[in-house]
K.L.:
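Okay, handing you the structure first.
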Amino acid sequence: MSFPLPANMPALSLSVPTERHAAGNVELNEELLHHWIRRLPAANLLEFSARYLDALKRFNANEVSQVQRIKLLDMYRDPLHKLVMALTIPKLQQQIKNADKRLKLIDELSEVINQLAHGYKIIVVEANQESNNLKLKPLVHMAIYRAVDTMSLLALHCYNFYRTLPPRLFQEMHQLLMLTMTADIADKPVFVNSQYKADFSVQQRYVQIMLTSICNPYGLASGEVIRCYQLMLQLAPAAVLDLLPDNASPEAGQFYINCLSDRTPAPSVLPTLDNNYRPTTLMLDTKPILTRVDKLFDQAAAQGEHHPAAENIRLLRQVVPYLNTSYQRKQPRVPVEGNIEAYVAVGLEAIHHSVTSPVSLPVSGDPWLDRSWEVLNKNSYGYLLQKRKIRQAHDLKIGDFVGILEQAPNQTKPSLKLASVRWLRTDDFEQCKMGLKFIQGDAIPVFFSVADSEERQPAFLIRENTLQQQPAMLITTYGIHAMASELTIKTGKKRFN
């Protein structure tokens, strides 16, 4: 006995703890669990996550009723959800100074969220063994909703810290959605009783994370992927999600989801046929979203730059092109000529020091310059680089200012290209891929002072380019210069006011 799935899908397969028994030292009383959660050291994130992880693992191993399990899981969920939705790389760097401990927390929080998702999936797996009618199981419907929501939170956490997603995350979400679609309840808000219900449907939560995953999440600044996810909740009802007929042909404006895969939606490309057999496939039509967003842009233009939603409109302008299937998502790959390796200095002071006081590369003991990056692609836009086992990869983020250092065998010192990080992803083995966009112009390392101060600050002067109508620029650390202050710039040979 089991809940039905489409005929061309295998039986339900969700990752949950294999054995459950009466485990000791597990809080099963709602009032006492609430008290335990309130006493957790919220200011000490490492201890907070360690205690949470231990408690959830022991709880998931316990034999409890479905009603009790979902009530207690919801209590675990709330503070964890608030923490993950508020955490960014800069905030984490402020709270935890040690780089290794920051990485430990990022990984541990992933496991905590995963354990919470396991708890909700246990309810689904147990019910699947007992019943074949999901429509008559509103509590299981809620467990599916919570599981999809929690797995979305796990994907967001990984995107927010530019980590690869855990295996089978999307594959299991596809399965959970198909359970509800087959039961004809996917698009219905979950209702258990008047005190226990959800504002949204499983399908809306599913479409929300799928849209977010389409919108180049590894190219968004830390924290902005959370805002993008919240915006996609508002746009999700406009999308069309349907099961694709076997005889369908690909159409412009449609993304396709192979429900047997672990992948995000693919633009205008149907899953390949194997012996005239196509896996269960969903069609996600985003054209209605693009129409709706165009109207939002027109309304925003009429209100001017200072309306309340200006920041959201700016973010939408950045991500919405990815919802158009004809948008070019990747830079074209070209054969790598010249140097196939490059070094990357991170941050203005490190870049400035590497060219004003040049040292031979590699630099032993330097977390960024100790080994070179492999150049995977290079064109007029920038570079795609790859490097294994970077000790501080988790501290990199979109928008970081970097210097690309390349040195030919006959060069006495490396050549420099300034760039910014535009795409970033690191896997569990600390292999990092990074897309860099050039900052155009010949950069001169200079020092400058503001007004009457004698303190000299490092900077890069990029000279005016009249052919490209580019004014001269001075790149400094943020917050140094105020408008109407006098600047004195000193190069190696000249002095400017």
Side-chain angles (χ1 to χ4, degrees), residues 12-85 87 92 96 100-129 139-140 142-158 161 163-169 171-173 175-176 428:
L12 184 68
S13 174
L14 301 177
S15 52
V16 295
T18 54
E19 293 184 4
R20 284 181 290 285
H21 48 82
N25 200 22
V26 177
E27 190 52 73
L28 300 178
N29 178 280
E30 290 179 48
E31 188 175 337
L32 293 177
L33 178 60
H34 178 70
H35 182 65
W36 179 83
I37 291 173
R38 287 184 59 188
R39 293 183 60 192
L40 284 171
N44 186 335
L45 294 181
L46 282 166
E47 187 176 352
F48 177 92
S49 64
R51 289 193 192 179
Y52 235 90
L53 181 58
D54 178 62
L56 273 171
K57 280 183 174 179
R58 284 187 283 106
F59 176 72
N60 284 342
N62 228 48
E63 286 280 8
V64 295
S65 70
Q66 293 175 6
V67 173
Q68 188 179 23
R69 187 178 296 279
I70 200 165
K71 280 184 178 180
L72 297 178
L73 285 170
D74 284 355
M75 293 178 66
Y76 280 112
R77 172 186 173 274
D78 288 342
L80 179 62
H81 190 272
K82 290 175 184 175
L83 171 63
V84 173
M85 295 294 278
L87 201 59
L92 187 56
I96 301 178
D100 292 336
K101 289 182 179 179
R102 287 196 294 272
L103 178 59
K104 180 183 178 184
L105 179 70
I106 293 167
D107 292 341
E108 206 162 69
L109 279 177
S110 293
E111 184 56 25
V112 174
I113 304 167
N114 204 24
Q115 285 296 325
L116 183 63
H118 282 352
Y120 290 116
K121 287 185 287 182
I122 287 171
I123 298 171
V124 181
V125 170
E126 289 180 346
N128 185 59
Q129 297 168 350
L139 193 75
V140 182
M142 179 63 83
I144 292 174
Y145 176 85
R146 288 283 195 239
V148 169
D149 187 45
T150 305
M151 294 163 83
S152 298
L153 187 68
L154 178 54
L156 277 182
H157 175 69
C158 293
F161 290 91
R163 312 291 291 186
T164 53
L165 302 179
R168 300 189 74 233
L169 183 68
Q171 185 183 35
E172 294 192 4
M173 291 177 75
Q175 292 182 66
L176 291 169
D428 292 337

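Please read these numbers as outputs of a predicted model, since none were measured by experiment. Atom set for the values below is all heavy atoms of this structure, side chains included, hydrogens, waters and symmetry mates excluded.
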K.L.:
What do the steps show when you test Leu72 against Met75 for side chain to side chain contact (heavy atoms under 4.5 Å, CB included), and what is the final call?
P.N.:
CA-CA 5 Å; Leu72 297 178; Met75 293 178 66; 4.1 Å; yes
K.L.:
State, to 0.1 Å, how close Arg102 and Ile96 come at their nearest heavy-atom pair, and which atoms those are.
P.N.:
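Looking at all heavy atoms of both residues, the closest pair is NH1-O, 2.7 Å.
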K.L.:
Glu172 and Ser15: side-chain donor and acceptor closer than 3.5 Å?
P.N.:
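Result is yes, a qualifying pair exists.
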K.L.:
To the nearest 0.5 Å, how far apart are NE2 in His35 and CD in Glu31?
P.N.:
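Output value for this atom pair is 9.5 Å.
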K.L.:
Got Gln66 and Val140 here, is their nearest side-chain heavy-atom distance under 4.5 Å?
P.N.:
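The answer is yes; the side chains approach within 4.5 Å.
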K.L.:
According to side-chain hydrogen bond (donor to acceptor under 3.5 Å, both in side chains), who are the partners of Tyr52, at least two apart in sequence or on a separate chain?
P.N.:
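Per chain and number, Tyr52 pairs via side-chain hydrogen bond (donor to acceptor under 3.5 Å, both in side chains) with no residue.
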K.L.:
Is there a side-chain contact between Arg38 and Pro79, using heavy atoms and a 4.5 Å cut-off?
P.N.:
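Sidechains of Pro79 and Arg38: no contact.
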K.L.:
Considering all heavy atoms of both residues, which atom of Phe48 and which atom of Pro41 are nearest to each other, and what is their separation?
P.N.:
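The pair with the smallest heavy-atom distance is CB-O, 3.6 Å.
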K.L.:
How far does CD1 of Ile123 sit from CZ of Arg69, to the nearest 0.5 angstrom?
P.N.:
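The distance works out to 6.5 Å.
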K.L.:
Show the nearest heavy-atom pair for residues Ala155 and Leu169, with the distance to one decimal.
P.N.:
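Heavy-atom minimum between the residues: CB-CD2, 3.8 Å.
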K.L.:
For Gln171 and Arg168, which I'm curious about, is there any donor-acceptor pair between the side chains at under 3.5 Å?
P.N.:
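A donor-acceptor contact under 3.5 Å links the two side chains.
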K.L.:
With the side chain counted from C-beta on, respond yes when Leu12 and Val124 share a heavy-atom pair under 4.5 Å apart, and no when they do not.
P.N.:
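Of all side-chain heavy-atom pairs linking Val124 with Leu12, at least one is under 4.5 Å.
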K.L.:
Please tell me if the side chains of Leu56 and Leu73 come closer than 4.5 Å, counting only heavy atoms from C-beta onward.
P.N.:
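Side chain of Leu56 against side chain of Leu73, heavy atoms only: contact under 4.5 Å found.
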K.L.:
Might you work through the side chain to side chain contact (heavy atoms under 4.5 Å, CB included) test for Leu80 and Thr150, ending with a clear yes or no?
P.N.:
CA-CA 10 Å; Leu80 179 62; Thr150 305; over 6 Å; no
K.L.:
Any chance you could measure Glu108, atom CD, to Leu103, atom CG, to the nearest 0.5 Å?
P.N.:
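Here the rounded value is 11.0 Å.
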K.L.:
Distance from Asp149 atom CG to Leu154 atom CG, nearest 0.5 Å?
P.N.:
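Atom-to-atom, Asp149:CG and Leu154:CG are 12.0 Å apart.
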K.L.:
Under the side chain to side chain contact (heavy atoms under 4.5 Å, CB included) rule, what do Ser13 and Gln175 come out as? Steps first, then yes or no, please.
P.N.:
CA-CA 8 Å; Ser13 174; Gln175 292 182 66; 4.1 Å; yes
K.L.:
Can you measure from CG (Leu105) to CG (Asp100) and round to the nearest 0.5 angstrom?
P.N.:
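So the gap between those two atoms works out to 13.0 Å.
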K.L.:
Who are the side-chain hydrogen bond (donor to acceptor under 3.5 Å, both in side chains) partners of Glu111, not counting sequence neighbours?
P.N.:
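By the side-chain hydrogen bond (donor to acceptor under 3.5 Å, both in side chains) rule, Glu111 matches Gln115.
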K.L.:
If you define the side chain from C-beta out and look only at heavy atoms, does anything of Phe161 sit under 4.5 Å from Leu109?
P.N.:
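Answer no - side chains too far apart.
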K.L.:
Would you check, one step at a time, whether the test side chain to side chain contact (heavy atoms under 4.5 Å, CB included) holds for Leu176 with Met151?
P.N.:
CA-CA 11 Å; Leu176 291 169; Met151 294 163 83; 3.9 Å; yes
K.L.:
Could you tell me if the ring centre of Phe59 sits under 6.0 Å from that of Tyr76?
P.N.:
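When the ring centroids of Phe59 and Tyr76 are compared, they turn out to be within the sub-6.0 Å range.
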K.L.:
Does the side chain of Leu14 come within less than 4.5 Å of Asn128's, by heavy atoms?
P.N.:
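No, side chains not in contact.
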K.L.:
Rounded to the nearest 0.5 Å, what separates atom CG in Leu92 from atom CD1 in Ile106?
P.N.:
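Those atoms lie 5.5 Å apart.
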K.L.:
Is it the case that Tyr120 and Asn60 place a side-chain donor and acceptor less than 3.5 Å from each other?
P.N.:
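There is no such pair (donor and acceptor under 3.5 Å, judged by atom type) between the side chains of Tyr120 and Asn60.
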K.L.:
With heavy-atom distances below 4.5 Å as the criterion, would you say the side chains of Leu153 and Arg77 are in contact?
P.N.:
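They are not in contact (no side-chain heavy atoms under 4.5 Å apart), so the answer is no.
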K.L.:
Is there a side-chain contact between Ser49 and Lys104 (heavy atoms, below 4.5 Å)?
P.N.:
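No, too far: nothing below the 4.5 Å cut-off.
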